[in-house]
Amino acid sequence: MLVRDAMSTLVLTIGPAHTLRQAARLMSARRIGAAVVHDPDTCGLGIITERDILDAVGAGLDPDVETASTHTTTDVVFASPAWTLDEAAAAMTHGGFRHLIVLDGDGPVGIVSVRDIIRCWAPARRHAADLPL
């Protein structure tokens with residue numbers, strides 16, 4: 001199975017000036033765990049996750065003052081829609097993260113998470129366990 005089969009095509013893109021509260025509200029409303037941060041001044045893409053927001057709030061930072069740019073991961077590993085789920089899982093395991101921005105050409109076309117991969121693997125593994133050896 002490929003990343004394109006598992007990824008969410010709902011990609012929330014925010015700017016670096018969004019506050020953490022704004023990012024959290026947008027992510028919560030869409031029930032997603034990560035947002036792409038596009039900085040037009042650097043032409044770069046980064047990612048902010050629910051964990052980034054949780055860590056900032058847990059550290060006592062003000063979510064109405066702190067901006068996404070301060071908490072964005074910019075050293076991002078991008079996935080291709082043609083990657084296998086094994087390749088995506090290996091990249092996540094190696095990098096210690098739970099989300100990959102999926103790029104096709106110059107722009108993001110999706111995000112794949114550990115949860116997305118598990119959803120795809122679980123039925124296949126369950127079905128394989130039911131097959132006689």
Side-chain angles (χ1 to χ4, degrees):
M1 190 166 277
L2 302 178
V3 166
R4 75 170 48 93
D5 303 318
M7 70 183 191
S8 170
T9 56
L10 175 61
V11 179
L12 172 62
T13 302
I14 64 172
H18 277 80
T19 66
L20 293 186
R21 184 174 312 278
Q22 289 169 325
R25 280 187 180 142
L26 292 167
M27 291 164 58
S28 178
R30 290 164 179 79
R31 303 192 47 77
I32 56 176
V36 173
V37 180
H38 177 251
D39 187 341
D41 292 335
T42 65
C43 295
L45 294 177
I47 191 167
I48 189 166
T49 67
E50 58 198 354
R51 176 68 47 119
D52 298 322
I53 296 168
L54 181 67
D55 288 346
V57 172
L61 301 176
D62 185 344
D64 292 314
V65 174
E66 291 293 312
T67 61
S69 65
T70 308
H71 301 278
T72 297
T73 300
T74 56
D75 184 22
V76 179
V77 174
F78 298 101
S80 162
W83 277 15
T84 65
L85 295 185
D86 286 332
E87 290 172 307
M92 290 177 184
T93 301
H94 179 74
F97 43 81
R98 299 177 296 153
H99 298 86
L100 285 168
I101 299 171
V102 183
L103 291 183
D104 194 9
D106 292 334
V109 295
I111 292 185
V112 66
S113 70
V114 170
R115 183 177 293 164
D116 296 327
I117 293 172
I118 290 170
R119 274 193 206 121
C120 290
W121 278 351
R125 303 268 196 264
R126 189 171 35 250
H127 178 69
D130 293 339
L131 296 176
L133 296 176

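Computation of the quantities below employed the complete heavy-atom set of this structure, encompassing side-chain atoms and omitting hydrogens, waters and symmetry-equivalent molecules. Numbers for residues simply follow the sequence, beginning at 1.
- At least one donor-acceptor pair under 3.5 Å links the side chain of Gln22 to the backbone N or O of Thr19.
- Side-chain heavy atoms closer than 4.5 Å link hydrophobic residues (I, L, V, M, F, W, Y) into clusters, and following such links, even through other members, never connects Leu54 to Ile47.
- To the nearest 0.5 Å, atom OG1 of residue Thr13 and atom NE2 of residue His38 are 8.5 Å apart.
- Follow the hydrophobic side-chain contacts under 4.5 Å out from Val112 and you never reach Leu2; the two are in separate clusters.
- Put simply, the side chain of Asp55 never gets that close to the backbone of Asp52: no donor and acceptor are under 3.5 Å apart.
- With a 6.0 Å radius and a threshold of 12 heavy atoms from other residues, nucleotides or ligands, Asp64 has its CG atom above the threshold.
- In this structure, Met92 and Ile117 have side chains that are in contact, with non-hydrogen atoms separated by less than 4.5 Å.
- Closest heavy-atom contact between Thr49 and Met27: C-CE, 3.9 Å.
- When side chains are defined from C-beta on, Ser113 counts as touching His99, because their heavy atoms get closer than 4.5 Å.
- The closest side-chain heavy-atom distance from Cys120 to Leu85 is below 4.5 Å.
- Side chains of Arg98 and Arg51 form a contact here, defined as non-hydrogen atoms less than 4.5 Å apart.
- Counting only heavy atoms from C-beta outward, the side chains of Leu45 and Phe78 approach each other to under 4.5 Å.
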### Task
Please test Val76 against Phe97 for side chain to side chain contact (heavy atoms under 4.5 Å, CB included), starting from the C-alpha separation and ending with a verdict.
CA-CA 10 Å; Val76 179; Phe97 43 81; over 6 Å; no
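- Under the 4.5 Å side-chain contact rule for hydrophobic residues, Val77 and Val114 share a cluster.
- By the 4.5 Å heavy-atom criterion applied to side chains, Val102 and Arg4 are not counted as neighbours.
- Here the shortest heavy-atom pairing between Pro81 and Leu103 reads CD-O, 3.2 Å.
- Within the model, atoms CG of Leu10 and CD1 of Ile111 stand 8.5 Å from one another, a figure rounded to the nearest 0.5 Å.
- Side-chain contact between Val36 and Leu12 is absent, with no heavy atoms from C-beta onward closer than 4.5 Å.
- Closest of all the heavy-atom pairs between Trp83 and Ala91 is CZ3-CB, 3.9 Å.
- Between Gly15 and Ala68, the closest heavy-atom pair is O-CB, 3.9 Å.
- Rounded to the nearest 0.5 Å, atoms OG (Ser28) and CD1 (Ile53) are 10.0 Å apart.
- Of all non-hydrogen atoms in Val3 and Thr84, the two that sit nearest each other are CG2-O, 4.0 Å.
- Judged by distance alone, the side chain of Arg30 and the main-chain N or O of Leu26 form a donor-acceptor pair under 3.5 Å.
- Between Met7 and Val109 there is a side-chain heavy-atom pair separated by less than 4.5 Å.
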### Steps toward side chain to side chain contact (heavy atoms under 4.5 Å, CB included) verdict (Leu20, Thr67)
CA-CA 6 Å; Leu20 293 186; Thr67 61; over 6 Å; no
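- Pairing each heavy atom of Glu87 with each of Ala82, the nearest pair is OE1-O, 4.5 Å.
- Between Thr72 and Thr74, the side chains place no donor N or O within less than 3.5 Å of an acceptor N or O (distance only, hydrogens not considered).
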